[in-house]
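Right, one structure below, let's go through it.
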2 protein chains.
Amino acid sequence: MTSTADKILDVAQSLIVAGGYNAFSYADISDAIGIRKASIHHHFPTKAELVAALVDRYRQQVEAGLKSLQAQSANPADQVQSYLNFWQTCIRDASLPFCVCAMLAGEMQMLPDDVASRVRAHFHSLAKWLASVLQAGAEQHVFRLDQGPEDEAQVLMASVHGAMLSARAFGDPELFAAIVNAQIAKLLVQGR
Amino acid sequence: MTSTADKILDVAQSLIVAGGYNAFSYADISDAIGIRKASIHHHFPTKAELVAALVDRYRQQVEAGLKSLQAQSANPADQVQSYLNFWQTCIRDASLPFCVCAMLAGEMQMLPDDVASRVRAHFHSLAKWLASVLQAGAEQHVFRLDQGPEDEAQVLMASVHGAMLSARAFGDPELFAAIVNAQIAKLLVQGR
DNA sequence: GGGTAACTACCTACTAGTAGGAAGATGACA
DNA sequence: TGTCATCTTCCTACTAGTAGGTAGTTACCC
């Protein structure tokens, strides 16, 4: 039993993931969940507010997910691998074939300010998480970093988003795994 | 003295780079170059045809550019670096802050088939070029590849596109250079 | 009765695309 | 050389459909 507001965000999320901010309309959501357009405006007065709320929810889910990954294993290599496996699964079964914020980041210049700042915040928090895990891994000698953990985190994050793009461009979900696993191999000490 | 058709494609390109396929209209182009909407339809009957022509032109320019890079230097490391420098400059001066095809790749699922196939073709040709340069570099011992040249090419290409995304998300053009240069460092033999 | 969530009905602005015409350039031919 | 037909380019004026958003109403629930 999910609330209507959540259903609206669910549909909006899958539509944004498919085509971005400008590729969905209130009418699309209306059709998808069997509710009138005006009713969506009741929950989210403007499109900008809807997407801002969506990004807030997404960020919250991501941060909770990352935290739970750290709870499941103390090994930084496992933590990073679990993060990548999450996306591998999402892309393979097409349940969430792209990161909402990566999608929106491409449209940054045309996004309402309230949305853009939230997207930027997600990038910051993800980079921070990756940096902390990489640093812990370096201290435990499971990772060998060529650069500082913040820089390596940026490289890894870019690889993940770029791999999503490539998987989509080539229409090959497995390409994502191939790219990110090759990238991880460059960080693992036993890979040298 | 550029033709009207070229001016239309120029404007369309910068609009697509800014926000993607759905973020521009014939009216936008009309306003930008001082020509009526109907006149644009005369040159490009439908939006799908316009963007398909645009991607064709883009691909042609890219392939010519890559070929000229190989003519300028026989050193594979220089060739890759020149390619990255090109984007560094484009992103720094905001003249072309994103790859047209990378932008469109994100919207793949919603693109007209004629456009999508052309975007895919660009990804194929870029991956092929990078793979050939990486392979030549491995043979000349300027690169050390952990994987086959095709796989390493995919990793590098993903890094480039992901770096564009990050630079945009953080609003920091220098981030692109930081990411791709760190990635290149992992391939150079003297970096080990 | 007040709040919430849904509805019908509507608005204005904009979307891609079309019909048909005016202006100028080009080339053929007597 | 004059003129006629054709082609290209751009125009005005229009269409049907969709965009995000609003006003006011009904129904239910605490």
Side-chain angles (χ1 to χ4, degrees), chain A residues 1-57 100 103-104 107 109-116 118, chain B residues 1-57 100 103-104 107 109-116 118:
Chain A
M1 193 211 122
T2 51
S3 73
T4 302
D6 271 321
K7 276 190 224 163
I8 292 170
L9 294 184
D10 289 344
V11 173
Q13 177 161 306
S14 71
L15 289 170
I16 285 180
V17 162
Y21 187 88
N22 293 294
F24 84 99
S25 71
Y26 274 47
D28 294 328
I29 302 176
S30 166
D31 291 343
I33 64 177
I35 199 181
R36 297 288 136 178
K37 264 182 12 169
S39 307
I40 305 173
H41 280 287
H42 167 71
H43 292 279
F44 304 101
T46 69
K47 192 177 180 179
E49 286 174 86
L50 191 160
V51 178
L54 171 58
V55 176
D56 277 341
R57 188 185 72 157
V100 178
M103 197 69 205
L104 292 173
E107 306 175 286
Q109 299 180 347
M110 299 212 140
L111 254 31
D113 289 345
D114 285 348
V115 177
R118 284 169 165 82
Chain B
M1 195 212 122
T2 51
S3 73
T4 302
D6 271 321
K7 276 190 224 164
I8 292 170
L9 294 183
D10 289 343
V11 173
Q13 178 162 307
S14 71
L15 289 170
I16 286 180
V17 163
Y21 187 87
N22 293 293
F24 84 99
S25 71
Y26 274 47
D28 294 328
I29 301 177
S30 166
D31 291 344
I33 64 177
I35 201 183
R36 297 289 131 175
K37 264 183 13 171
S39 307
I40 304 172
H41 279 287
H42 165 72
H43 291 278
F44 304 101
T46 68
K47 193 177 180 180
E49 286 173 87
L50 192 161
V51 178
L54 171 58
V55 176
D56 278 339
R57 190 186 70 158
V100 178
M103 197 69 205
L104 293 173
E107 306 175 284
Q109 298 179 347
M110 300 214 139
L111 253 31
D113 289 346
D114 286 346
V115 177
R118 284 169 165 83

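Letters A, B, ... mirror the listed sequences (proteins, then strands); counts begin at 1.
- With rounding to the nearest 0.5 Å, the separation of CG in B:Asn22 from CE in A:Met110 is 11.5 Å.
- With rounding to the nearest 0.5 angstrom, the CZ atom of B:Arg118 is 11.5 Å from the CG atom of B:Leu111.
- Within the model, atoms OH of A:Tyr26 and CD1 of A:Ile8 stand 8.0 Å from one another, a figure rounded to the nearest 0.5 Å.
- Secondary-structure annotation of DNA chain C gives the stems C:1-30 with D:1-30, with a stem taken as at least 3 successive Watson-Crick or G-U pairs whose two distances both fall under 3.5 Å.
- Checking side-chain atoms of A:Lys37 against main-chain N and O of A:Ser25 turns up no donor-acceptor pair under 3.5 Å.
- Scanning all heavy atoms of the two residues, the minimum distance from A:Ile35 to A:Ser30 falls at O-OG, 2.6 Å.
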Taking N or O atoms only and anything under 3.5 Å, show me the protein contacts with nucleotides 21-23 of chain D, one pair per line.
unit_1: D:dG21; atom_1: OP2; unit_2: A:Lys47; atom_2: N; d: 2.8
unit_1: D:dG21; atom_1: N7; unit_2: A:His41; atom_2: NE2; d: 3.1
unit_1: D:dG21; atom_1: O6; unit_2: A:Lys37; atom_2: NZ; d: 3.2

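- Summarising the geometry, the separation between CD1 on B:Ile35 and P on D:dT12 is reported as 11 Å, rounded to the nearest angstrom.
- A straight line from CG of B:Asn22 to C1' of D:dG20 spans 15 Å, rounded to a whole angstrom.
- Not a single donor-acceptor pair under 3.5 Å links the side chain of A:Asp31 to the backbone N or O of A:Asp28.
- Phosphate contact (OP1/OP2 of D:dC11, side-chain N/O of B:His42, threshold under 4.0 Å): absent.
- Protein chain B touches strand DNA chain C; the 5'-most and 3'-most nucleotides with an atom under 4.0 angstrom of its non-hydrogen atoms are C:dT15 to C:dA19.
- Distance alone, capped at 3.5 Å, is enough to place a donor-acceptor pair between the B:Glu107 side chain and the B:Tyr21 backbone.
- If you take NE2 on B:His43 and CD1 on B:Ile40, they are separated by 8.5 Å, rounding to the nearest 0.5 Å.
- With rounding to the nearest 0.5 angstrom, the OG1 atom of B:Thr2 is 10.5 Å from the CG atom of B:Leu9.
- Base contact: A:Ser39 has a heavy atom under 4.0 Å from a base atom.
- Taking each heavy atom of B:Val17 and B:Met103 in turn, the nearest pair found is O-SD, 3.7 Å.
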